[in-house]
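Index from 1, following the sequence. None of the values given here were measured: they were computed from a predicted structure.
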Amino acid sequence: MPAKTVRMILISLPEFLILWGLWMAFVSNSHVSEMIVGGFAALGAAIADGVVKERRIVEFLPRASWVWLILLEPWYAVDGTWAIFAALAKRLMGRPSEAQF
């Protein structure tokens, strides 16, 4: 097996395991069919990511100025949650809402 292939497998294996674990957490059941489908989905994603990294098709270069954006995330979560509950309350009271469910 060529060294390049071994390197790509070693890089992609932990990523495959993480993606498969996230799949299983997302579906929140341990049916064999979910394990198989999740395994194939995670394998496909890990292989695609390995190919992109190996061929250097795209490079991710984070910037230090992006770090402060993390502080805005709680606000987006609160604002979005408020909008959802306001639309739900209007719907339950029979009043029209701009939101579409």
Side-chain angles (χ1 to χ4, degrees):
M1 197 178 288
K4 192 175 188 181
T5 305
V6 172
R7 183 173 166 256
M8 195 159 68
I9 290 171
L10 290 175
I11 289 171
S12 298
L13 183 61
E15 186 172 2
F16 162 75
L17 294 173
I18 290 169
L19 290 171
W20 190 49
L22 287 171
W23 176 279
M24 295 309 295
F26 179 71
V27 297
S28 68
N29 67 45
S30 58
H31 295 273
V32 174
S33 61
E34 288 294 346
M35 291 177 150
I36 293 170
V37 170
F40 278 115
L43 182 64
I47 289 172
D49 184 62
V51 168
V52 168
K53 286 178 182 174
E54 187 63 36
R55 294 186 182 175
R56 297 181 187 263
I57 296 171
V58 178
E59 289 188 23
F60 177 65
L61 301 170
R63 298 185 181 132
S65 62
W66 295 350
V67 173
W68 75 272
L69 294 173
I70 294 170
L71 301 174
L72 295 176
E73 281 304 314
W75 167 251
Y76 288 134
V78 169
D79 186 47
T81 303
W82 174 255
I84 289 169
F85 280 117
L88 178 62
K90 284 182 181 179
R91 182 77 139 190
L92 291 175
M93 289 189 273
R95 293 192 296 182
S97 171
E98 303 87 34
Q100 298 286 325
F101 284 107

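- From L61, atom CG reaches atom CH2 of W66 across 8.0 Å, with rounding to the nearest 0.5 Å.
- A distance of 11.0 Å separates CZ of F85 from CG of L92, quoted to the nearest 0.5 Å.
- Atom CD1 of I47 sits about 11.0 Å away from atom CD of E15, to the nearest 0.5 Å.
- For the atom pair CG (L88) and CE (M93), the distance works out to 9.5 Å, reported to the nearest 0.5 Å.
- Taking every heavy atom of both residues into account, N29 and M24 meet most closely at O-CE, 3.1 Å.
- By the criterion of side-chain heavy atoms lying less than 4.5 angstrom apart, applied directly or through intervening Ile, Leu, Val, Met, Phe, Trp or Tyr residues, L71 is not grouped with V78; the two fall into different hydrophobic clusters.
- Just one residue in the list R55, E59, E54 forms a side-chain contact (heavy atoms from CB on, under 4.5 Å) with I57, and that residue is R55.
- Here the shortest heavy-atom pairing between A46 and S12 reads O-OG, 3.4 Å.
- The shortest non-hydrogen separation linking V58 to V52 is N-CG1, 4.1 Å.
- Taking CH2 from W20 and CG from L43, the interatomic distance works out to 11.5 Å, rounded to the nearest 0.5 Å.
- Using a 4.5 Å cut-off on side-chain heavy atoms (C-beta onward), M35 and W23 make no contact.
- Remark: W75 CH2 is loosely packed, at most 12 non-hydrogen atoms of other residues, nucleotides or ligands lying under 6.0 Å away.
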